[in-house]
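Before any comments, here is the structure.
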Amino acid sequence: KCMQRQILDYFGRD
Amino acid sequence: MLELRLIQGSLLKKVLEAIKDLVTEANFDCSATGFSLQAMDSSHVALVALLLRSEGFDHYRCDRNLSMGINLNNMSKMLRCAGPEDIITIKGDDGTDTVTFMFESQKQDKISDFEMKLMDIDSEHLGIPDAEYQAIVRMPSAEFARICKDLGSIGDTVVISVTKEGVKFFTRGDVGSANIVCRQNTSVDKPEDSTVIEMNEPVSLTFALRYMNSFTKATTLSEVVTISLSSELPVVVEYKIAEMGYIRFYLAPKIED
């Protein structure tokens, strides 16, 4: 089963 | 005071068509550098970053940094009223809650002003780090769009794998599976028809095809698409906008649980 990651898992808030 | 005049107004029309289904509302930021936007889709899985550099405009006046909250569907409705050859000028003022799009026909015999209401959008700006990618694939954008469309009729996800043999797109669904391999191909006369693979390390990642297919709406902006892959990062699907900048789509991968 594949889990969808989110952008916030990689990029931090500026 | 903000006044941005774009001779090739069709570029702005195409940009809106490329992003309006992914992102419904966003802040357009205007500074001395250019006209830009950064926004995530509602599920925070994809991010779009747009830059139209100030030098690419025929006239660019932006006295102060300005952020305009825009419903992209409404902006798209307005830009669809511009003819394909029209010159588009974006006009705004500090302290007003509207933006005006002016469309001029090439012969200057028809001038239209469309005023649109702005909105307050609470959006967080993300820091996108400069990164080294394990593999970068450059290929004809129409070919990439075709692959995403074809695979989307078979499965929901695509596994993109880059090896020194080429780039492989794989999907599996109820009806079966599909595997498309594109090999490096630089022997053509037209560089925009080439497929070029720069690989530091082999990489293989899984993505939702629904988003990939949404990104390919930008195909009309550029003949070439660049796909940058790294196992530690979202994929970047980039369409360069001639002389002006780029539209980049970032998509977080699906990871084995």
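Computed over heavy atoms, backbone and side chain alike; hydrogens, waters and symmetry mates excluded. Order of the sequence lines sets the chain letters (A, B, ...), proteins ahead of strands, with each chain counted from 1.
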Enumerate, including both backbone and side-chain atoms, all donor-acceptor pairs under 3.5 Å from chain A to chain B.
{"residue": "A:K1", "atom": "O", "partner": "B:D257", "partner atom": "N", "Å": "3.0"}
{"residue": "A:M3", "atom": "N", "partner": "B:I255", "partner atom": "O", "Å": "2.7"}
{"residue": "A:M3", "atom": "O", "partner": "B:I255", "partner atom": "N", "Å": "2.7"}
{"residue": "A:Q4", "atom": "NE2", "partner": "B:A252", "partner atom": "O", "Å": "2.8"}
{"residue": "A:Q4", "atom": "NE2", "partner": "B:P253", "partner atom": "O", "Å": "3.4"}
{"residue": "A:R5", "atom": "N", "partner": "B:P253", "partner atom": "O", "Å": "3.0"}
{"residue": "A:Q6", "atom": "NE2", "partner": "B:S43", "partner atom": "O", "Å": "2.9"}
{"residue": "A:I7", "atom": "N", "partner": "B:H44", "partner atom": "O", "Å": "2.8"}
{"residue": "A:G12", "atom": "O", "partner": "B:G127", "partner atom": "N", "Å": "2.7"}
{"residue": "A:R13", "atom": "NE", "partner": "B:E124", "partner atom": "OE1", "Å": "2.2"}
{"residue": "A:R13", "atom": "NH2", "partner": "B:E124", "partner atom": "OE1", "Å": "3.2"}
{"residue": "A:R13", "atom": "NH2", "partner": "B:E124", "partner atom": "OE2", "Å": "3.4"}
{"residue": "A:D14", "atom": "N", "partner": "B:H125", "partner atom": "O", "Å": "2.7"}
{"residue": "A:D14", "atom": "OD2", "partner": "B:H125", "partner atom": "ND1", "Å": "3.2"}

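- Partners of B:F35 by ring-ring contact (aromatic ring centres under 6.0 Å, His included), not counting sequence neighbours, listed by chain and number: B:F28.
- Nearest heavy-atom pair across B:V45 and A:I7 is O-CG1, 3.2 Å.
- Pairs of residues two or more places apart, or lying in two chains, never qualify as ring-ring contact (aromatic ring centres under 6.0 Å, His included) while including a residue from residues 156-177 of chain B.
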